[in-house]
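Keep in mind the model is a prediction, meaning the values are calculated, not measured.
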Amino acid sequence: VHTFQLVNIYIAAAIFQNFLFVDAGQKSFGQGVILGLGAYVTAIFFGLHDYPFALAALIGLGAATAGGLLFAFPALRVQYFHLGFVTLSAAIVFPQLLMSLDRWTNGINGISVSMPGLHRELFLGLSPLTIMVAVYPMIALAVHYMIRRSKLGRQMRVAALSPEAARTLGIKPGVMRFIAFVIAAIGTGICGILYLPTVSFVSPQGFNVELSFVFFFAVVVGGRGQMLGPIIGMWIVFILPNIALAQFVEYRLLIYGLLTLATVMLFPDGIVGSIERWRVRRGITGRGEQAFRVDAFLEDLSGGRESEPSDEIAVEVRGGTKKFGEVVAVDNVDLKVRKGEIRGLIGANGSGKTSLLNVLSGLSRLNAGSFIIDGRDASRMAADRIADMGIGRTFQTPRIFPQFSLWDNLRIGIDAREGPGSADIARLAAALEAEFGEDSAELLSHGQRRLVEVMRTVLKEAKIVFFD
């Protein structure tokens, strides 16, 4: 029973590791620290200072959340495995910190607690603790699923996969990473609170760097991004070395590494991930050139009528200059585009067309000059603020996300919209969802992918669109 409870707690922690790793794109090797903070701080206030368990648990959850915030701040500046090294250092230092603060943590001796009420059998041999640790992984899985299906989840994944596309859709990648760390810290902190009555003892040796590796390896072995991946991965990574191969327990770190290496070699996407990819590939069907045709959907849009340009200026560039080192990409450009006007930029490869659009989108800054969008000086605005002014942007290489369905690739535009949409666009969105709701974006041709990006700006109802 004890092993079952502990595995379930670790599965829940691995689910939040999976969310952080894949949905938010954050390579954290320090989730064992977050679990340890929840467990240890709860033990300090409950076991050493006789606080009520509920209050001690709230304090422990607050400590775990604070630890998540400490991880979130570096994520605003560093990314990928650079962030992994920062969190790994925290995982290495954490046990030493617990021992050095022996005045509060009881040092190497640890803290014992007794909670007979949670171990008392209720029915069918089940105790309140057994029920809680059985239900919590299900709750964690449900939370992950709901976030993934939500607007916030889509924006997190876009920010993780393409930060520049996210910014042109009004998404702040740093904010998305920050929120992800807080969510993962709260979820993992609850795992730490459950760990305390399960083991009835905490010590620095229980929260060494190995614990963080277990969570990370479970995600990789099970399948990154797969909802069931952490469950399968944890049973393989934790049960196999610690139960089935208990006589070799001193070599468990080596076993973790060998299991992960073998899985990566045999199942590049993890066990569940490889099976799912094989299943999806068998089920993917394409429509050839008919895969994404929208002509019929656009005929009823009232905004499709021809109109003459007005005298109002939509975009104005004054003496715009952009340099990359000594290379001048945009050289003292003056440009005016009126509302309702279509203006094309013609030039050879490398002449600075994309560089100018990147400046106007806020993805880079002018070295000299300024530009005005819809009457406002946007020269120093961030890309997400410019996007929120009703600006749409497409890219030379279309930002299409194969992890999403075709409809979700389009719905990103609706997510980026400021305020309610028009009735015409609402009808268009409903028709597109009905037609493409179950389609995959993987088989789209390059031209169709570009059209998806264009339709994204239509669903956003962008007032000004920069086509690259």
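For residues 177-205, the pairs satisfying ring-ring contact (aromatic ring centres under 6.0 Å, His included) are F73-F178, Y195-F207, with sequence neighbours left out. Within the structure, the salt bridge (Lys or Arg N to Asp or Glu O under 4.0 Å) test picks out the following pairs touching residues 257-270 (sequence neighbours left out): D269-R277. Within the structure, the ring-ring contact (aromatic ring centres under 6.0 Å, His included) test picks out the following pairs touching residues 389-428 (sequence neighbours left out): F401-F404. Screening residues 35-50 for salt bridge (Lys or Arg N to Asp or Glu O under 4.0 Å), with sequence neighbours left out, gives no hits. Screening residues 116-164 for ring-ring contact (aromatic ring centres under 6.0 Å, His included), with sequence neighbours left out, gives F19-H144.
Shown here are the salt bridge (charged side-chain N to carboxylate O under 4.0 Å, His left out) partners of R450, two or more places apart in sequence or in another chain: there are none. In this view, T105 satisfies the side-chain hydrogen bond (donor to acceptor under 3.5 Å, both in side chains) rule with no residue, not counting sequence neighbours. Taking the salt bridge (charged side-chain N to carboxylate O under 4.0 Å, His left out) definition, one finds that R449 meets it with nothing, sequence neighbours left out. With sequence neighbours left out, the side-chain hydrogen bond (donor to acceptor under 3.5 Å, both in side chains) criterion links S203 to Q205. Qualifying salt bridge (charged side-chain N to carboxylate O under 4.0 Å, His left out) partners for E461, counting only residues two or more places apart in sequence or in other chains: R417. Checked against side-chain hydrogen bond (donor to acceptor under 3.5 Å, both in side chains), T42 has no partners two or more places apart in sequence or in another chain. Remark: R411 engages D408 in a side-chain hydrogen bond (donor to acceptor under 3.5 Å, both in side chains) (not counting sequence neighbours).
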Take M176 and L152, measure what side chain to side chain contact (heavy atoms under 4.5 Å, CB included) needs, and give me the verdict at the end.
CA-CA 8 Å; M176 292 295 106; L152 174 64; 4.0 Å; yes
Start with the C-alpha gap between Q31 and F216, add the side-chain angles, then the distance that decides, and say whether side chain to side chain contact (heavy atoms under 4.5 Å, CB included) holds.
CA-CA 9 Å; Q31 293 310 103; F216 188 83; over 6 Å; no
Report the C-alpha separation of I183 and M156 in whole Å, then their side-chain angles, then the decisive distance to 0.1 Å, and conclude whether the side chain to side chain contact (heavy atoms under 4.5 Å, CB included) test is met.
CA-CA 12 Å; I183 292 173; M156 277 187 182; 4.2 Å; yes
Derivation and outcome, side chain to side chain contact (heavy atoms under 4.5 Å, CB included), residues M99 and Q96:
CA-CA 5 Å; M99 286 189 284; Q96 306 302 320; 3.6 Å; yes
Using the rule given for salt bridge (Lys or Arg N to Asp or Glu O under 4.0 Å), can you reason through R167 versus D384, listing the C-alpha separation, both sets of side-chain angles and the distance that settles it, and then say yes or no?
CA-CA 5 Å; R167 293 171 65 199; D384 56 271; 5.3 Å; no
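The closest donor-acceptor contact from the side chain of R120 to the backbone of S127 lies at 3.5 Å or more, if one exists at all. Side chain of S162 to backbone of V158: no donor-acceptor contact under 3.5 angstrom is found. In this structure a side-chain-to-backbone donor-acceptor pair under 3.5 Å is missing from N106 to I111. Here the side chain of S274 pairs no donor or acceptor atom with the backbone of I271 at under 3.5 angstrom. Between the side chain of N8 and the backbone N or O of V133 there is at least one donor-acceptor pair closer than 3.5 Å. Remark: the backbone N or O of F29 is paired with a side-chain donor or acceptor of T87 at under 3.5 angstrom. Judged purely by atom type and a 3.5 angstrom limit, T457 uses its side chain to pair as donor or acceptor with the backbone of V454. Side chain of Q26 to backbone of A24: a donor-acceptor contact under 3.5 angstrom is found. Checked by atom type and distance alone, the side chain of S440 pairs as donor or acceptor with a backbone atom of E442 at under 3.5 Å. Of the possible polar contacts, none joining the E433 side chain to the L428 backbone as a donor-acceptor pair under 3.5 Å is found.
In plain terms, the two heavy atoms of V22 and A160 that are nearest each other are O-CB, 4.4 Å. Closest heavy-atom contact between P173 and A159: CA-CB, 4.0 Å. Heavy-atom minimum distance, L410 versus L459: O-CD1, 3.5 Å. Residue A387 comes nearest to G170 through the heavy atom pair CB-N, 3.4 Å, listed as atom of the first residue, atom of the second, then distance. Nearest approach of I34 to A185, heavy atoms of both residues: CG2-O, 3.6 Å. Contact between T198 and L6 at its shortest, heavy atoms only, is CG2-N, 4.2 Å.
Atom CZ of F16 is separated from atom CG of L35 by 11.5 Å, given to the nearest 0.5 angstrom. Taken to the nearest 0.5 Å, the CZ atom of R224 stands 13.5 Å off from the CG atom of D23. A distance of 10.0 Å separates NZ of K172 from CD of Q155, quoted to the nearest 0.5 Å. For the atom pair CD (E164) and CG (L363), the distance works out to 7.5 Å, reported to the nearest 0.5 Å. The CD1 atom of I11 lies 6.0 Å from the CD1 atom of I231; values are rounded to the nearest 0.5 Å.
The side-chain heavy atoms of F466 and T394, taken from C-beta on, include no pair separated by under 4.5 Å. Looking at heavy atoms from C-beta onward, I193 lies in side-chain contact with F53 at the 4.5 angstrom threshold. In this structure, the side chains of P230 and Y10 stay at 4.5 Å or more apart for every pair of heavy atoms. Contact annotation: the side chain of M138 never approaches that of L141 to less than 4.5 Å [non-hydrogen atoms, C-beta and beyond]. Side-chain contact between L48 and W104: absent, with no pair of heavy atoms (C-beta onward) separated by less than 4.5 Å. Two residues are said to be in side-chain contact when any heavy atoms from C-beta on lie closer than 4.5 Å; H446 and T397 fail this criterion. Annotation: side chain of D102 is not in contact with side chain of I108 (no heavy-atom distance under 4.5 Å). Considering only heavy atoms from C-beta on, F21 comes within 4.5 Å of V220 through its side chain.
Using modelled atom types and a 3.5 Å distance limit, the side chains of Q5 and T130 yield a donor-acceptor pair. Side-chain atoms of T354 and D468 include a donor-acceptor pair closer than 3.5 Å.
Heavy atoms of other residues, nucleotides or ligands lying less than 6.0 angstrom from CZ of R365 number more than 12.
The residues E453 and R393 are annotated as not salt-bridged, no charged nitrogen and carboxylate oxygen being separated by less than 4.0 angstrom. At a threshold of 4.0 Å, the pair R385-D388 does not count as salt-bridged, since none of the basic side-chain nitrogens sits closer than that to a carboxylate oxygen.
In summary, the aromatic rings of F46 and Y51 are positioned with their centroids too far apart to meet the 6.0 Å limit.
Each of R157, K460, R154, R456 was compared with D415 under the salt bridge (charged side-chain N to carboxylate O under 4.0 Å, His left out) criterion, and only R154 meets it.
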